[in-house]
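Remarks on the structure that follows.
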Amino acid sequence: MDLVDAERHLQAAQCRGDLEALEALLHPRVVGAGPDGVLFSKADDLDAYRSGSLRILQLEEEAVTVRNDGKTGETDLIATVVAIHHGTETVARLRYTRLWVQEESRWRVIAATFAPHAAVPVAGPDVVDA
């Protein structure tokens, strides 16, 4: 699976709340940061899906930029997301930036951030059409 496929597989797993796929795609030492700056671990992320405190109802990809450097890579995703977080439905246009590492021929997220994004995405040589 190439890095674009891994990113899209992750998006699909998030939307399905697929714990098995998320377990495989998230590195054991993954750390993430949300828009409030609070850090979360793999266990935190999986627990949110497992408990139902986070449900992604829709994730509409607008653009994804992929930079691959062999054993590491970065994806930068702009998406409109509809989610329920702690019982409150939210619609937001977000930028997800993920650092990936390749181990044993599979890509896994080792660092991630997401934050509100208002600017119109700019096409460039690394942008993959949605």
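Just the heavy atoms: all of them, side chains too, but no hydrogens, waters or symmetry mates, feed the values below. Being a predicted model, the structure only gives us computed values, none of them experimental.
Residues forming a side-chain hydrogen bond (donor to acceptor under 3.5 Å, both in side chains) with D44 (at least two apart in sequence, or on another chain): S41. For the side-chain hydrogen bond (donor to acceptor under 3.5 Å, both in side chains) test, no residue two or more places apart in sequence or in another chain qualifies with E60. In this structure T90 satisfies the side-chain hydrogen bond (donor to acceptor under 3.5 Å, both in side chains) test with no other residue, sequence neighbours excluded. Here R16 pairs with D18 under the salt bridge (Lys or Arg N to Asp or Glu O under 4.0 Å) rule; sequence neighbours left out. For T97, the side-chain hydrogen bond (donor to acceptor under 3.5 Å, both in side chains) partners two or more places apart in sequence, or in a different chain, are D76. With sequence neighbours left out, the ring pair (Phe, Tyr, Trp, His ring centres under 6.0 Å) criterion links F114 to Y96.
At least one donor-acceptor pair closer than 3.5 Å links the side chain of K42 to the backbone N or O of E23. Side-chain atoms of R95 never come within 3.5 Å of backbone atoms of A115 as a donor-acceptor pair (strictly under, hydrogens ignored).
Between L57 atom CG and C15 atom SG the span is 8.5 Å, to the nearest 0.5 Å. In this structure, T75 OG1 and W107 CH2 are separated by 10.0 Å, a value rounded to the nearest 0.5 Å. Note that CZ of R8 is 11.0 Å distant from CG of L59, once rounded to the nearest 0.5 Å. E61 contributes atom CD, which lies 10.0 Å from atom CD1 of I78 (distance to the nearest 0.5 angstrom). With rounding to the nearest 0.5 angstrom, the CD atom of E89 is 9.0 Å from the CZ atom of R55. Atoms CZ and CD, from R106 and E104 in turn, are 6.5 Å apart once rounded to the nearest 0.5 Å.
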Test salt bridge (Lys or Arg N to Asp or Glu O under 4.0 Å) on K71 and E103; report intermediate values, then the result. CA-CA 8 Å; K71 294 290 184 185; E103 297 177 330; over 6 Å; no
Quick one: do D45 and L22 satisfy side chain to side chain contact (heavy atoms under 4.5 Å, CB included)? Show the steps, please. CA-CA 9 Å; D45 202 27; L22 291 168; 5.5 Å; no
Give the C-alpha distance, both sets of side-chain angles, the deciding distance and a yes or no for side chain to side chain contact (heavy atoms under 4.5 Å, CB included) between R108 and L25. CA-CA 5 Å; R108 299 177 91 181; L25 287 161; 6.0 Å; no
I56 vs Y49, test: side chain to side chain contact (heavy atoms under 4.5 Å, CB included). Steps then yes/no. CA-CA 9 Å; I56 296 179; Y49 285 99; 3.4 Å; yes
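A single hydrophobic cluster is seen to contain both L10 and L46, as judged by linkage of ILVMFWY side chains at heavy-atom distances under 4.5 Å, directly or through other members. Tracing side-chain contacts under 4.5 Å through hydrophobic residues (I, L, V, M, F, W, Y), one never reaches M1 starting from L3; they form parts of separate clusters. Linking Ile, Leu, Val, Met, Phe, Trp and Tyr whenever their side-chain heavy atoms come within less than 4.5 Å puts L77 and F40 in one cluster.
Counting only heavy atoms from C-beta outward, the side chains of V109 and L99 never approach each other to under 4.5 Å.
Using a cutoff of 4.0 Å between basic side-chain nitrogens and carboxylate oxygens, E74 and R98 are not scored as salt-bridged. Between D47 and R50, at least one side-chain N (NZ, or NE/NH1/NH2) sits under 4.0 Å from a carboxylate O, which counts as a salt bridge.
Closest approach of A83 and L54 over heavy atoms only: CB-CD1, 4.4 Å. Of all heavy-atom pairs spanning S51 and A48, the tightest one is OG-O, 3.3 Å. Across A111 and V30, no two heavy atoms sit closer than the pair N-CG2, 3.9 Å. Closest approach of L39 and A33 over heavy atoms only: CD2-CB, 3.8 Å.
Under 3.5 Å, the side chains of T72 and Q102 contain no donor-acceptor pair of N or O atoms.
Of the candidates V101, L26, V31, V101 is the only one forming a side-chain contact (heavy atoms from CB on, under 4.5 Å) with I110. The only member of H117, R93, Q58 that meets side-chain contact (heavy atoms from CB on, under 4.5 Å) when paired with T80 is R93.
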